[in-house]
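Notes to accompany the following structure.
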Amino acid sequence: KKALGIVLETEGKSPLGLRLTGIGLSASGDNSYFVPEKALRENSGLKSAVFALLTDRETEKIVHDGKHARIALAREGIDFVCDFDTMLAAYLLDPSKARYDLESLIFENLGAELRGSEDAGRRASFLLPLKEVLGEKLKNQEMERLFKDVEMPLSTVLADMEMAGIRVDPDKLQKLSAEFGEKLERLTGEIYELAGMEFNINSPKQLGEVLFEKLSLPVVKKKKSGYSTDAEVLEKLKGAHPIVEKILEYRFLMKMKSTYADGLLSLVDRDTLKVYSNFNQTITATGRISSTEPNLQNIPVKTDIGKKIRGVFVAEKPDHVLLSGDYSQIELRVLAHLSGDEKLIEAFVKGEDIHARTASEVFGIPQEKVTSQLRDRAKAVNFGIIYGISDYGLAQNLGITTGEAREYIESYLNRYPKVRDYIRETINRAKLNGYVTTIFNRRRYIPDINSRNYNLRSFAERVAMNTPIQGSAADIIKVAMVKIYNHFKEMGLKAKMLIQVHDELIFDVPQDELEVVKSIVKSDMETAVPLKVPLVVDFKVGKSWEEIS
DNA sequence: GCATGATGCTT
DNA sequence: GCGGAGCATCATGCT
């Protein structure tokens with residue numbers, strides 16, 4: 001196979017406004033070419049030759065940011081899939097870096113310094129040598145399969161998700177915004193009345209002065225720059241003055257209006273009535289995907305008002321529905337797998353209520369006698385284990401003393417001894433190697449693990465134990481996404497993957513495809529990676545995201 | 001216009 | 001002094 005480095009010049013924002021303005025090509029060493037926009041706009045022989053090259057099976061296509069390239073070329077009618085994405089390779093080699101721009105990679109790996117004026121052809125000439133260096137490193141670190149079989153194909157899946165977009169109902173959003181706005185106006189007046197003055201409620205500084213100086217409320221917590229006024233503080237002050245509850249409600253409604261109602265409205269495409277999120281593959285240190293503009297991974301779900309926001313996301317057409325498939329307790333199942341703890345494995349094999357089972361174990365009572373309060377505490381302990389437990393954090397979360405929290409943790413680790421072993425071994429591995437890994441050998445460096453600073457070291461230890469769990473769960477859902485995408489394509493289905501929210505996938509599905517799509521998604525998600533425990537996926541179907549939450 | 005802190009939303 | 005991983009908004013202070 002002949003290798004070809006490709007650098008696209010583009011203008012505009014992805015995916016709708018993205019325009020191709022030039023192509024740099026380099027087949028080997030010093031030979032590089034630049035195809036300007038003018039040549040791409042006319043039906044020249046050059047243009048068809050270049051476009052043919054971009055889909056040539058016999059050419060190994062090397063690109064920096066293949067997802068972006070796929071989106072840019074889709075507008076030109078090209079179904080572009082690259083063979084080696086240097087951005088993804090660099091991300092796997094060190095997922096904690098702030099940026100993965102081509103210029104830095106060329107400097108770091110090849111020692112060449114590019115001046116700003118270099119054209120796309122010249123930049124393309126570095127892609128082949130860069131690929132050699134990064135590819136060799138991936139091979140040495142046993143990440144070739146993660147790269148070739150997971151991340152590379154996933155970038156195609158994500159590109160198509162970004163281009164698909166998600167349909168919203170702007171009228172519904174507009175009404176919610178107005179409703180929030182009216183309530184906020186009323187609250188603003190009431191807060192000014194109770195404060196005896198007007199001030200900017202959105203300013204933590206001014207709010208702190210009103211609460212703790214003018215109204216003399218007790219100071220619960222301080223921040224670097226003064227009083228803390230966060231929700232945790234306000235909850236404690238609830239009984240002290242009627243203004244506190246009003247402020248809590250104001251904060252909540254302001255969040256709903258500014259971030260969700262108005263924020264979302266500003267991103268709706270007026271022609272398609274869709275939002276086109278960016279699913280970023282090289283941001284998180286653990287291997288998760290992130291989402292921006294809009295962030296579709298933090299749409300409210302916990303409150304009734306929040307759920308109304310989800311109600312604005314709808315299926316694309318009248319005869320389509322939204323389908324969600326979400327992994328049940330994937331991180332605890334990954335922990336059961338990684339630790340090999342017999343009792344934890346048994347709980348999942350038997351299909352038990354895992355939090356109730358934990359409560360039974362930790363508090364030493366039969367499962368039938370577990371109250372909802374004890375179950376909630378056990379649930380917090382389970383989260384604590386996943387996030388890298390600290391007695392302080394658990395105590396904070398449950399409103400108990402650190403001593404009690406320490407007892408809960410000890411009890412848990414005594415009941416699940418191999419989880420204790422697993423945590424100890426993981427931290428030791430981090431200290432020895434300087435990094436931890438996931439089931440697919442994804443790697444994260446933990447530089448502070450041997451720090452003499454207790455805080456830094458403790459944080460690093462929590463990161464060391466959390467990353468293999470969160471990262472392995474990310475590996476699993478990524479594999480599932482690639483499988484599902486390929487199966488949809490093979491079967492010529494119209495169903496489209498729209499959103500990934502860490503342990504959940506959302507699809508737009510024509511009604512008449514629902515049953516076949518559901519069975520594909522179920523088997524691909526549940527058999528994505530064989531673990532020592534079963535993977536269980538729950539499904540919901542509805543016309544809006546609210547209905548499937 | 002840009003960076004940072006405080007805050008709050010998700011999994 | 002602090003639970004893991006993110007992103008968006010507003011206020012504020014700086015260039």
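For clarity, every value in this text was computed on a predicted model and none was experimentally measured. Labels below follow one simple rule: chain letters A, B, ... track the order of the sequence lines, proteins then strands, and each chain is numbered from 1.
Note on Glu235(A) versus Lys238(A): salt bridge recorded, some NZ/NE/NH1/NH2 to OD/OE distance being below 4.0 Å.
Under a 3.5 Å cut-off, the side chain of Arg310(A) and the backbone N or O of Ile299(A) do form a donor-acceptor pair.
In this structure, the CG atom of Leu207(A) is 21 Å from the P atom of dT9(C), given to the nearest Å. Between the CG atom of Asp391(A) and the C1' atom of dG1(C) there is a distance of 12 Å, given to the nearest Å. In this structure, Ile289(A) atom CD1 and dA5(C) atom C1' are separated by 13 Å, rounded to whole Å. If you measure from atom CZ of Arg444(A) to atom C1' of dA5(C), you get 8 Å, rounded to the nearest angstrom. Between the P atom of dT7(B) and the NZ atom of Lys205(A) lies a distance of 14 Å, rounded to the nearest Å. Across the protein-nucleic acid pair, Leu253(A) atom CG and dC9(B) atom P stand 11 Å apart, rounded to whole Å. The interatomic distance linking Asp503(A) (CG) with dG4(C) (P) rounds to 19 Å, in whole Å. Straight-line distance from the CZ atom of Arg288(A) to the C1' atom of dG4(C): 8 Å, rounded to whole Å.
Closest to the side chain of Lys223(A), from the set dC2(C), dA6(B), dA8(C), is dA6(B). Checked against dG4(C), dG8(B), dG3(C), the side chain of Asn397(A) finds its nearest nucleotide in dG3(C). Among the nucleotides dG1(C), dT12(C), dC9(B), the one closest to any side-chain atom of Met256(A) is dC9(B). You'll find that the side chain of Arg251(A) is closest to dT7(B), out of dT7(B), dT10(B), dT9(C). Of the candidate nucleotides dC9(B), dA6(B), dC10(C), dC10(C) has the atom nearest to the side chain of Asn202(A).
Below 30°, between 30° and 60°, or above 60°: for Tyr227(A) and Phe212(A) the angle between ring planes is between 30° and 60°, a tilted geometry.
Side-chain atoms of Asp262(A) and Ser177(A) form a donor-acceptor pair, as typed in the model, at a separation below 3.5 Å.
Under the stacking definition used here (centres under 5.5 Å, planes under 30°), the residue Tyr387(A) fails to qualify as stacked on the base of dG3(C).
When the side-chain nitrogen and oxygen atoms of Asn298(A) are compared with OP1 and OP2 of dG8(B), none of them lie within a distance under 4.0 Å. Under 4.0 angstrom from either OP1 or OP2 of dG5(B) there lies no side-chain N or O belonging to Ser228(A).
With hydrogens and angles left out, the side chain of Gln470(A) and the base of dG4(C) share a donor-acceptor pair within 3.5 Å. Scanning atom types as modelled, no donor and acceptor separated by under 3.5 angstrom connect the side chain of Asn295(A) and the base of dC7(C).
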